[in-house]
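Sequence lines set the chain letters: A, B, ... in the order given, protein chains first and strands last, and positions in each chain run from 1. Keep in mind that this is a model prediction, so the values were computed, not measured.
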Amino acid sequence: MVFSPAMALFAGPASASTCTPTFHLLDLQSPSSPRSFPFLLSKPSPRPTFLCHSSPTKPSPPTPSSAKTESTTPSLSDQLRPLSLTLLKDKDYASSTSHSLPPKPKPTWVNPSKPKPSVLSPHRHRRPTYSLNPDLRHLSLLSRSLRQAPDDPAAFAAALTEAFPHPPSRENALFVLNSLRSWPKALQFFDWLKTHAGESPLDAILYNVTMKSLRAGRQHDLVEHLAQEMIDRGVPLDNVTYSTIITSAKRCSRFDRAVEWFERMYRTGVIPDEVTYSAVLDVYAQLGKREEVMTLYERARAGGWTPDPVAFSVLAKMFGAAGDYDGIQYVLQEMKSLGVKPDLVVYNTLLEAMGKAGKPGLARSLFDEMVAAGLSPNEKTLTALIKIYGKARWNRDALELWERMRSNKWPMDFILYNTLLSMCADLGLEGEAEKLFEDMKRPERGTRPDNWSYTAMINIYGSGGKAEKALELLEEMLETGVEPNIMSYTCLIQCLGKAGRIGDAMRVFETSVERGVIPDDRLCGCLLSLVALCQEGEMEMVLTSLEKANPRLVELIKMLRKEEVSFNEVQEKFRGMLNDATVEARRPFCNCLIDVCRNHGFPSQRANQLLHLGTIYRLYPHLHTKSSDEWLLNLRSLSFGAANTAFEEWIKSLSDSVEKKEVLPQYFSINTGAGTHRFSQGLASAFASRLEKLAAPFRRNEEMSGNFVASREDFISWVQSGAPAVFTAL
DNA sequence: GTAGGGTTAG
């Protein structure tokens, strides 16, 4: 095991105090080493400040056997003592020799009034104060001309020679480097400085600024190259360097590299300050390692750190991404008890998090609190809130907020416009959407509708059954040069299909393929739903299109309609098709296939076979639940055909139980869902009429829409009347 | 943007 000092932050107590640290040079050329992660997954320490939090994540895997945990937990300072006493040196180990052992730890901590050693340096990196540059005007002109110089290396070199007849001072070089706004130029200027900077050697600040430019251009390999150069040349890496490298890795999704540099910091004796630390918290958060984030957070807190709004924003984003409401409450509680006032970004992140955790009411009161605190919402705040109200179908709140936005002249950008349009689609506000859409087109707005805006409009017309208008919008897109994306086509095809215009839908599909759209599972699912919807005579046409997008689905359909095909053959084909599909598409595929079988008179056992397979492959995990007083059939994620198939099977099995005089619960209930989503509307009412036709004793539950309940006695007498035999005999 | 960290869309 290679001991890494940062591991001590996570590992059980024994690893930090009993392992002899062995220092290894970081091999910058080596590929990422995900093998180091399991160590980071070691068991988190007890968390006294976090007792109330129950995260939905499973606990981390057990500690690797090499890092033994003992029953007693030493204090944080004990755990970190070897680290703080052996590593706090100016010298960069890695730059000297790879195997020099650190000196023996000096004894103890003598001054009890001093704070304990921490994982986190309490002091921010100090910035030197610059003398005001007397020649700022000249410099500005200079950097503008360099900014406008051609990118071509030879031409830029000539421009540099002309701009600096004498070697620039360090301050002037820094000013220019900061203002180039192009990473190739910044790098070239930096290299030029190496030979033209006169006496003054390149220091960490110049490296840091160059790295920042490379980071903006997402050139992480070059950032690491510069970092290695610093190590080779003996230029010490400071907190600014590390935070820049770590965020550069993060921006390129090279999280393993970010972690490796963080570990290297401790190994070389640089203790992170809160800027670097919160950058690293975000790295672990984006890796989904929430336990590790909390461990790091608590260790720093135990060392006396009062997190700032940025750190809380990182935590809020993390809990939001996990939909972890308890975590969000924890963040709010921590800020309150520490007296940290949330800033606008923290509010925005928390609102977004509340939305992801499905808490529209709390989002609303948080927004009220924010405004009451005197903060003014920006585009991001409003986008988050509008999205939440739209998803929750909170028409009144959405419209009220919209009114406030207009009367307060709160800022709008095109993302907010598009979010408002999507909200209108969710709420069915056709007229309002049309007004917004026209507003976007006004030249003084500075916002032109893009393909998101058009798609939202197509969606609105689609759910309102206005196929002609939706089709006109596609024409308009093509005319005005707004290239439709796959979502625009999918929504339009869906809309035309629902209107029964299958031929037009297929023509739109052919257009999309001609214009380079590569069908995804969502588009295939849309075509598949058209197979279920269409008339007998139209089926071949739809299958011909679908075959281009997903031949395996078509093979399966052709197999399903043949009487002689066995269950095993179906299963084989179905499994293959499912394996090819994305996880989110699997249940819709199965639902649609059941609808196809039922609507087109396929052999009668097929729908049941597919439902059975869907259950085996866990596409319908909560279909049946039984408690002692109630048995529930949950049809919420099923299509109409699938729901009917499941219902018939359920009744059949319950009838058997009645016949065999098994122990039955007091109630039977069916849940179709309230049908708040515009595509799922109708399952409840369709079911109500089906139950009525069957004279089934299920009654609408007034307290819960989409819920039907029958008592045991009523159910038994219905079964004994022989009524369900109409379909259970099939 | 003034050497470094956190927030917007099927």
- Ignoring hydrogens and angles, state whether a donor on the side chain of Asn348(A) or Glu352(A) is under 3.5 Å from an acceptor on the partner side chain. no
Donor-acceptor pair under 3.5 Å: do we get one between [X]'s side chain and the base of [N]?
{"X": "Asp343(A)", "N": "dG6(B)", "value": "yes"}
{"X": "Asn378(A)", "N": "dT8(B)", "value": "no"}
{"X": "Arg522(A)", "N": "dG10(B)", "value": "no"}
{"X": "Ser278(A)", "N": "dG5(B)", "value": "yes"}
{"X": "Thr349(A)", "N": "dT7(B)", "value": "no"}
{"X": "Asp308(A)", "N": "dG5(B)", "value": "yes"}
{"X": "Asn485(A)", "N": "dG10(B)", "value": "yes"}

- Query: Phosphate oxygens OP1/OP2 of dA9(B): is one of them under 4.0 Å from a side-chain N or O of Lys380(A)?
  - Reply: no
- Message: Using OP1 and OP2 only, check whether a side-chain N or O of Lys317(A) sits under 4.0 Å from dG6(B).
- Response: no
- Just checking Val346(A): base, sugar-phosphate only, or nothing, at a heavy-atom cut-off of under 4.0 Å? base
- Message: Can you work out whether Arg124(A) or Ser182(A) has the more 5'-proximal nearest nucleotide on DNA chain B?
- Response: Ser182(A)
- Taking the six-membered ring of Trp402(A), is the NZ or CZ of Arg406(A) close enough (under 6.0 Å from the centre) and on axis enough (within 45°)? yes
- Taking the side chain of Lys212(A) as its heavy atoms from C-beta onward, which of dG4(B), dG5(B), dT7(B) lies nearest to it? dG4(B)
- Message: Which residues pass the salt bridge (Lys or Arg N to Asp or Glu O under 4.0 Å) test with Asp397(A), not counting sequence neighbours?
- Response: Arg364(A)
